[in-house]
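What follows is a short report on a single structure.
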2 protein chains.
Amino acid sequence: MDNLLFLLLRLGAHKKFVQSTTIEIGNLLKMSQQNASRKILLLEKENLIERKNNLIKITKKGMELILQEYLQLKQLIECETLFFVGAVVEGLGEGKYYLSLPGYKKAIKDALGFEPYPGTLNLKLDEKEHLKRAYLKELDPILVKGFSTKERTFGDLFAYPCVVDNLKCAIIVPVRTHHGTEILEIIAPSELKKKIGDKVRVELDF
Amino acid sequence: MDNLLFLLLRLGAHKKFVQSTTIEIGNLLKMSQQNASRKILLLEKENLIERKNNLIKITKKGMELILQEYLQLKQLIECETLFFVGAVVEGLGEGKYYLSLPGYKKAIKDALGFEPYPGTLNLKLDEKEHLKRAYLKELDPILVKGFSTKERTFGDLFAYPCVVDNLKCAIIVPVRTHHGTEILEIIAPSELKKKIGDKVRVELDF
DNA sequence: ATTACTATCATCCGAGTAT
DNA sequence: TATACTCGGATGATAGTAA
């Protein structure tokens, strides 16, 4: 938004005519008196402010402009953080196996900054949450590099940082996954299962 | 606010890297491709946005800038007082030590009008509140003068008056602090910990 | 295709000053 | 005192074009 209009708002010029000299305004906006004067004239010409013996007030049109920007910001910023709610389910121990491999351990540490507890939390999403899962694709994943041994190749993983029980964790999805499952796999810096109930809320962290 | 930064916000660049060419951005902002390119470079140089193979994302610093403006607007337009929500955490007893020193006791009494209870309330901000913290910098702090003993020097403090549990308290930040922590230290005229739960709402008072 | 450099033109800003 | 004019220099935007 225009700096001067914003300043006038802070001076309360949306509620009443305020008194301020062009020198003061110039100082507040770090510009010369002359330029402040010029900018005031410009806003006045656009009917965004009105003046009455050197008192200034923001007009209805000016407030509409401000409100318009404010409401856009509000929508963009206050939108609820994305979260999933689901129930803890028993996995097949696969997660435990993968996370015990030094290759993944190191790759996760490098990518996410924490050493994963050897065991994933498997979360079965509530019915209502299924559609939300698609939203993961909209986010930027962090790439956890895979690795190879003589026997086989372990593929790359996508990691989506999230918060569970106030712990910074991550949702893990193999890059080469074919079916969007309703089960989310979560890795954490420490054991989660014992500390939380069987209904878990996962806040996405971006 | 800067038009380009606002546009990027609308494109969702606060959540993820977004793809947009300089021609598109130029069209949206009604300026030439060349100028759009130039403005992007400027924002990048200020660390307000980051780029990765022509994808653009708003940085933490950029979001703080946006939040700062948004919170000011919110407060002015909705007349809502600014507040932080967080959880009480145990400190290291440092606060207790400092507040037991007659030098700080007197300086706080002089600056804020109350004798502090010897012990700070340490508040860990909720995840969603982290960015809000930047807003403290926008407020006018009250200066609590430091002092010296033979052994060492105790530095100045910034105090931000606030209200917790209907008590006039203050958020304390050492002037020479290097890292914006997500923990707020609060001093109060009387013991707070026992009276409140572990979720606390701190209303800024200005 | 894209980004971004250079040169030129336009707009903005500050100093001096009239009112 | 105050606001706001003119004018020269600084900053910003566009067109052409290289990479």
Side-chain angles (χ1 to χ4, degrees), chain A residues 1-63 65-66 68-69 137-141 143, chain B residues 1-63 65-66 68-69:
Chain A
M1 184 196 322
D2 180 86
N3 276 337
L4 174 54
L5 200 58
F6 193 31
L7 173 66
L8 291 170
L9 183 70
R10 279 181 295 183
L11 294 177
H14 55 313
K15 293 183 180 164
K16 54 168 187 164
F17 280 90
V18 296
Q19 181 156 38
S20 185
T21 68
T22 53
I23 290 185
E24 267 176 21
I25 291 175
N27 287 335
L28 289 168
L29 294 179
K30 288 163 191 179
M31 60 174 62
S32 64
Q33 172 272 320
Q34 294 88 338
N35 200 30
S37 168
R38 192 182 128 262
K39 284 182 161 282
I40 289 168
L41 287 168
L42 287 174
L43 285 191
E44 203 176 9
K45 202 183 286 177
E46 289 184 86
N47 277 313
L48 298 174
I49 63 172
E50 54 183 317
R51 280 196 287 183
K52 209 166 65 183
N53 4 300
N54 291 340
L55 299 177
I56 307 179
K57 192 180 175 198
I58 299 173
T59 62
K60 189 158 179 287
K61 186 178 169 200
M63 278 314 292
L65 190 75
I66 291 170
Q68 186 184 313
E69 178 159 331
K137 287 183 216 140
E138 289 301 303
L139 302 178
D140 281 321
L143 193 71
Chain B
M1 185 196 321
D2 180 87
N3 276 337
L4 173 54
L5 200 58
F6 192 33
L7 173 66
L8 291 170
L9 184 71
R10 278 179 297 184
L11 294 178
H14 54 314
K15 294 183 182 167
K16 56 166 186 162
F17 281 89
V18 297
Q19 181 155 38
S20 185
T21 68
T22 52
I23 291 185
E24 266 176 24
I25 290 174
N27 287 337
L28 288 168
L29 294 179
K30 288 164 191 180
M31 60 174 62
S32 65
Q33 172 272 320
Q34 292 89 338
N35 201 31
S37 168
R38 194 181 125 262
K39 284 182 162 283
I40 289 168
L41 286 168
L42 287 175
L43 286 190
E44 202 176 10
K45 201 182 290 175
E46 290 184 86
N47 277 313
L48 298 174
I49 63 173
E50 55 183 318
R51 281 195 286 183
K52 209 166 65 181
N53 3 297
N54 290 342
L55 300 176
I56 306 178
K57 191 177 176 199
I58 300 173
T59 62
K60 189 158 180 284
K61 185 178 168 201
M63 279 313 292
L65 190 76
I66 292 170
Q68 183 183 310
E69 178 159 331

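Residue numbering restarts at 1 for every chain, and letters A, B, ... go by the order of the sequence lines. Remember, it's a predicted structure, so these values are computed and weren't measured experimentally.
Summarising the geometry of E69(A) relative to M1(A), their closest heavy-atom pair is OE2-N, 3.3 Å, with the distance given to 0.1 Å. Taking each heavy atom of I40(A) and I25(A) in turn, the nearest pair found is CD1-CD1, 3.8 Å.
Taking only side-chain nitrogens and oxygens, R51(A) comes nearer than 4.0 Å to OP1 or OP2 of dA4(D). Neither OP1 nor OP2 of dA4(D) sits under 4.0 Å from any side-chain N or O of R38(A). Contact between the side-chain N/O atoms of S37(B) and the OP1/OP2 oxygens of dT3(C) is not found at any separation under 4.0 Å. Between N54(A) and dA2(D) there is no side-chain polar atom (N or O) within less than 4.0 angstrom of OP1 or OP2. Residue S32(B) places no side-chain N or O under 4.0 Å from the OP1 or OP2 atom of dA13(D).
Protein atom CG of N35(B) is 16 Å distant from nucleotide atom P of dT6(C), rounded to whole Å. Between the CE atom of M31(A) and the C1' atom of dA15(C) there is a distance of 16 Å, rounded to whole Å. Spacing between atom CD of Q33(A) and atom P of dA18(C) amounts to 15 Å, rounded to whole angstrom units. Here the P atom of nucleotide dC12(C) and the CG atom of L29(A) are 16 Å apart, to the nearest Å. Atom CD1 in I40(B) sits roughly 15 Å away from atom C1' in dC5(C) (whole-Å rounding). As rounded to whole Å, 15 Å separates atom C1' of dT3(C) from atom CG of N27(B). The distance between atom CD1 of I23(A) and atom C1' of dA4(D), rounded to the nearest whole Å, is 12 Å. Rounded to whole Å, atom P of dT3(C) lies 11 Å from atom CG of L55(B).
Here the side chain of S37(A) pairs no donor or acceptor atom with the backbone of T22(A) at under 3.5 angstrom.
Using a 4.0 Å heavy-atom distance criterion, L41(A) is classed as a sugar-phosphate-only contact. At a threshold of 4.0 angstrom between heavy atoms, the contacts of T21(B) are confined to the sugar-phosphate backbone, with no base atom among them.
By the neighbour-count criterion of 12 heavy atoms within 6.0 Å, atom CD of Q19(A) is sparsely surrounded, having that number or fewer from other residues, nucleotides or ligands.
Here the CG atom belonging to L48(A) is positioned 6.0 Å from the CG atom belonging to L5(A), to the nearest 0.5 angstrom.
If you check distances only, the side chain of Q34(A) does reach the base of dA15(C) with a donor-acceptor pair under 3.5 Å.
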